[in-house]
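Shown next, in structure tokens, is the structure this report addresses.
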Amino acid sequence: MKKILITGGAGFIGSHVVRRFVQKYPEYQIFNLDVLTYAGNLENITDIEKESNYTFVKGDITDAAFIDNLFLKHQFDGVIHLAAESHVDRSIEDPMAFVKTNVIGTVNLLNAARKQWAKASEGKRFYHVSTDEVYGSLGAEGLFTETTAYDPNSPYSASKASSDHFVRAYGETYGLPFVLTNCSNNYGPNHFPEKLIPLFINNIINNKPLPVYGDGNYTRDWLFVKDHAVAIDLVFHQGINHETYNIGGFNEWKNIDLVKTLCQIMDTKLGRKTGESAQLITYVKDRPGHDLRYAIDASKINKELGWKPSVTFEQGLEITIDWYLSNQDWLNNVTSGDYEKYYETMYS
């Protein structure tokens with residue numbers, strides 16, 4: 001029985017990956033390591049928590065001794081590393097938190113894996129999940145490829161770029177078997193409402209302003225989270241060691257166009273007059289270092305591993321909205337307490 005450690009498995013993307021691996025691979029023992037910060041929520045995975053091949057471990061990847069002992073105890077065959085601080089706005093407020101988790105935490109995992117696999121690395125794999133934001137900002141044309149030079153512009157993207165470099169360095173220096181992916185903006189069920197789509201769904205439900213940065217013309221490529229989980233599964237099992245794969249939705253939207261589409265769908269779902277939710281759109285001061293456009297060329301993973309998105313953006317958005325409308329208790333739980341203080345700080 002293979003033992004797979006998935007870090008950040010109580011978070012948004014991580015919970016979908018954990019669920020897929022637990023359900024699809026009963027012959028694996030899946031260990032979900034999460035420190036349960038504001039974005040880590042065990043409610044995301046209640047449906048699989050009693051499965052015989054699933055174990056939850058509460059712990060912090062920044063604690064090197066704890067990580068070393070965890071690897072020594074369980075002798076993991078593979079690591080899928082998703083645990084990360086990921087919100088750009090938070091990184092601007094507290095960059096050191098991103099250095100600790102995204103850089104030091106990643107290096108702690110690399111060190112533990114290197115020591116455990118030093119004498120027998122055959123069949124082992126360290127999978128590092130990263131972001132397209134490490135590439136910086138695109139102009140009106142072009143796409144990020146796996147060979148695009150890194151040019152991070154925020155403390156968040158700089159911390160992820162650093163962790164990417166450490167993973168590759170451990171591959172070259174110590175022969176650590178790794179794969180690395182850089183993905184575009186994810187959306188879907190269980191997403192903590194600090195990112196654009198879940199934030200605006202929550203605000204529309206509660207008739208709160210929809211804070212759009214600058215002129216709203218920032219462009220992003222959107223990837224449905226369940227399609228991302230499928231891609232992670234493929235890369236973990238079929239990807240080539242020391243290779244990078246970009247994962248994108250082939251799906252570019254300007255923020256303001258996305259928000260207006262979201263408003264239209266929500267008006268229909270909530271029985272409101274057409275255009276009612278759009279009146280909540282409020283333009284706010286732009287954030288520092290805001291990248292103009294991200295767009296991923298995902299042709300490599302398509303050609304080599306046969307992956308492509310299973311839903312259109314409109315289909316994925318409908319699924320996402322329906323999930324939030326059907327799970328308002330979940331939404332209320334995660335937006336209670338300190339969330340209100342954070343929201344006021346970020347968007348007032």
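Sequential numbering from 1 along the given sequence is applied to the chain's residues. As the structure is a prediction and not an experimental result, all values here were calculated from the model.
- In this structure, His128 has its ring center no closer than 6.0 Å to that of Phe166.
- Although no hydrogens or angles enter the test, the distance criterion places a donor-acceptor pair under 3.5 Å between the side chain of Asn332 and the main chain of Gln328.
- For the pair Ile13 and His228, the minimum side-chain heavy-atom distance is below 4.5 Å.
- In this structure, the side chains of Thr274 and Gln264 stay at 4.5 Å or more apart for every pair of heavy atoms.
- In terms of heavy atoms, Thr282 sits closest to Pro209 at OG1-CB, 3.6 Å.
- Residue Val167 comes nearest to Phe126 through the heavy atom pair CG2-CE2, 4.3 Å, listed as atom of the first residue, atom of the second, then distance.
- Pairing each heavy atom of Val57 with each of Leu70, the nearest pair is CG1-CD1, 4.0 Å.
- Here the OH-OG distance, from Tyr174 to Ser121, works out to 15.0 Å after rounding to the nearest 0.5 Å.
- In this structure, Glu141 places its CD atom where only 12 or fewer heavy-atom neighbours from other residues, nucleotides or ligands lie under 6.0 Å away.
- Following chains of ILVMFWY side-chain contacts shorter than 4.5 Å, one can reach Ile48 starting from Val225, so the two form part of one hydrophobic cluster.
- Shortest non-hydrogen contact noted between Pro193 and Asn202 is CB-CB, 4.5 Å.
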Quiz prompt | Residue pair Phe178, Tyr170: steps toward the ring-ring contact (aromatic ring centres under 6.0 Å, His included) verdict | solution = CA-CA 9 Å; Phe178 78 86; Tyr170 272 59; over 10 Å; no
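- Minimum heavy-atom separation, Ala83 to His81: O-CE1, 3.2 Å.
- Of the charged side-chain nitrogens involved, at least one lies within less than 4.0 Å of a carboxylate oxygen, so that Arg90 and Glu194 count as a salt-bridged pair.
- Side-chain N/O atoms of Ser159 and Ser162 include no donor and acceptor closer than 3.5 Å.
- Remark: the Trp253 side chain and the Asn255 side chain contain no N/O donor-acceptor pair separated by less than 3.5 Å.
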Practice problem: Kindly indicate, with the supporting measurements, whether the criterion side-chain contact (heavy atoms from CB on, under 4.5 Å) is fulfilled by Leu72 and Gln116. | Solution: CA-CA 7 Å; Leu72 186 63; Gln116 183 178 301; over 6 Å; no
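- The closest side-chain donor-acceptor pair between Thr55 and Gln29 falls under 3.5 angstrom.
- A single hydrophobic cluster is not seen to contain both Phe224 and Val17; linkage of ILVMFWY side chains at heavy-atom distances under 4.5 Å, directly or through other members, places them apart.
- Side chain of Ser15 to main chain of Phe12: a donor-acceptor pair is present (N/O by atom type, distance under 3.5 Å, no hydrogens or angles).
- Sorted by first then second residue, the side chain to side chain donor-acceptor pair (under 3.5 Å) pairs that include residues 302-311, not counting sequence neighbours, are Asp227-Ser310.
- A salt bridge does not link Lys2 with Asp77: every distance from a Lys NZ or Arg NE/NH1/NH2 to an Asp or Glu carboxylate oxygen is 4.0 Å or more.
- Between His16 and Phe21, the ring center distance fails the sub-6.0 Å criterion.
- Panel note: side chain Asn206, backbone Lys208; no donor-acceptor pair is recorded below 3.5 Å.
- Phe313 is not connected to Ile296 by any chain of hydrophobic side-chain contacts under 4.5 Å among Ile, Leu, Val, Met, Phe, Trp and Tyr, and they are in different clusters.
- The closest donor-acceptor contact from the side chain of Thr148 to the backbone of Thr145 lies under 3.5 Å.
- Side chains of Asp68 and Lys115 form a contact here, defined as non-hydrogen atoms less than 4.5 Å apart.
- Under the side chain to side chain contact (heavy atoms under 4.5 Å, CB included) criterion, Thr244 pairs with Glu146, Arg168, Leu180, Asn182, Asn246, not counting sequence neighbours.
- To the nearest 0.5 Å, atom OH of residue Tyr218 and atom NZ of residue Lys254 are 12.0 Å apart.
- Between Lys58 and Asp34, no side-chain nitrogen of the basic residue sits less than 4.0 Å from a carboxylate oxygen of the acidic one, so the salt-bridge criterion is not met.
- Checked by atom type, the side-chain pair Glu133/Tyr294 shows a donor-acceptor distance below 3.5 Å.
- Taking the ring centroids of Tyr213 and Tyr283, they lie at or beyond the 6.0 Å cut-off.
- Side-chain contact annotation: Asp164 with Ser130, donor-acceptor N/O pair under 3.5 Å present.
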Practice problem: Begin from the C-alpha positions of Leu5 and Ile80 and carry the test side-chain contact (heavy atoms from CB on, under 4.5 Å) through to its verdict. | Solution: CA-CA 6 Å; Leu5 175 67; Ile80 302 176; over 6 Å; no
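- Annotation: side chain of Leu270 is in contact with side chain of Leu325 (closest heavy-atom distance under 4.5 Å).
- Listed for the Gln315 side chain is a donor-acceptor partner under 3.5 Å among the backbone atoms of Thr312.
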Quiz prompt | side-chain contact (heavy atoms from CB on, under 4.5 Å) between Ile265 and Lys269, intermediate numbers included | solution = CA-CA 6 Å; Ile265 298 173; Lys269 299 282 187 184; 4.0 Å; yes
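- There is a path of hydrophobic side-chain contacts, each under 4.5 Å, that joins Leu317 to Ile204.
- A donor atom on one side chain and an acceptor atom on the other are not found under 3.5 Å apart for Asn102 and Tyr156.
- Residues Arg272 and Ser277 form a side-chain contact, since some pair of their non-hydrogen atoms from C-beta on lies under 4.5 Å apart.
- Annotation: the span from Asn217 atom CG to Asp257 atom CG amounts to 7.5 Å, rounded to 0.5 Å.
- At distances below 3.5 Å, not a single donor-acceptor pair connects side-chain atoms of Asn327 with backbone N or O atoms of Trp330.
- Of all heavy-atom pairs spanning Phe192 and Pro198, the tightest one is O-CG, 3.6 Å.
- For Tyr150 and Tyr135, the ring centers are positioned less than 6.0 Å apart.
- Of the possible polar contacts, one joining the His242 side chain to the Leu176 backbone as a donor-acceptor pair under 3.5 Å is found.
- In summary, the aromatic rings of Tyr25 and His237 are positioned with their centroids under 6.0 Å apart.
- A salt bridge is defined here as a Lys NZ or Arg NE, NH1 or NH2 lying under 4.0 Å from an Asp or Glu carboxylate O, and Asp221 with Arg293 fails to meet this definition.
- With hydrogens and angles disregarded, a donor-acceptor distance shorter than 3.5 Å links the side chain of Arg125 to the backbone of Gly239.
- Looking at Lys273 and Asp267, no side-chain N of the basic residue comes within less than 4.0 Å of a carboxylate O on the acidic one, giving no salt bridge.
- A donor-acceptor contact closer than 3.5 angstrom links the side chains of Tyr127 and Thr181.
- Each of Asn44, Asn32, Asp47 was checked for a side chain to side chain donor-acceptor pair (under 3.5 Å) with Arg19, and the lone residue meeting it is Asp47.
- Side-chain contact between Ile240 and Val179: absent, with no pair of heavy atoms (C-beta onward) separated by less than 4.5 Å.
- Distance check: Leu138 CG to Leu292 CG gives 8.5 Å after rounding to the nearest 0.5 Å.
- A single hydrophobic cluster is seen to contain both Val22 and Ile6, as judged by linkage of ILVMFWY side chains at heavy-atom distances under 4.5 Å, directly or through other members.
- The shortest side-chain heavy-atom distance between Trp117 and Glu122 does not fall under the 4.5 Å cut-off.
- Aromatic ring centres of Phe76 and Phe31 lie closer together than 6.0 Å.
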Quiz item: Given Met266 and Ile321, is the side-chain contact (heavy atoms from CB on, under 4.5 Å) satisfied, shown in steps?
Solution: CA-CA 8 Å; Met266 291 290 287; Ile321 292 170; 3.4 Å; yes
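- Asp132 has its side chain out of reach of Ile247: every pair of non-hydrogen atoms, C-beta onward, lies at least 4.5 Å apart.
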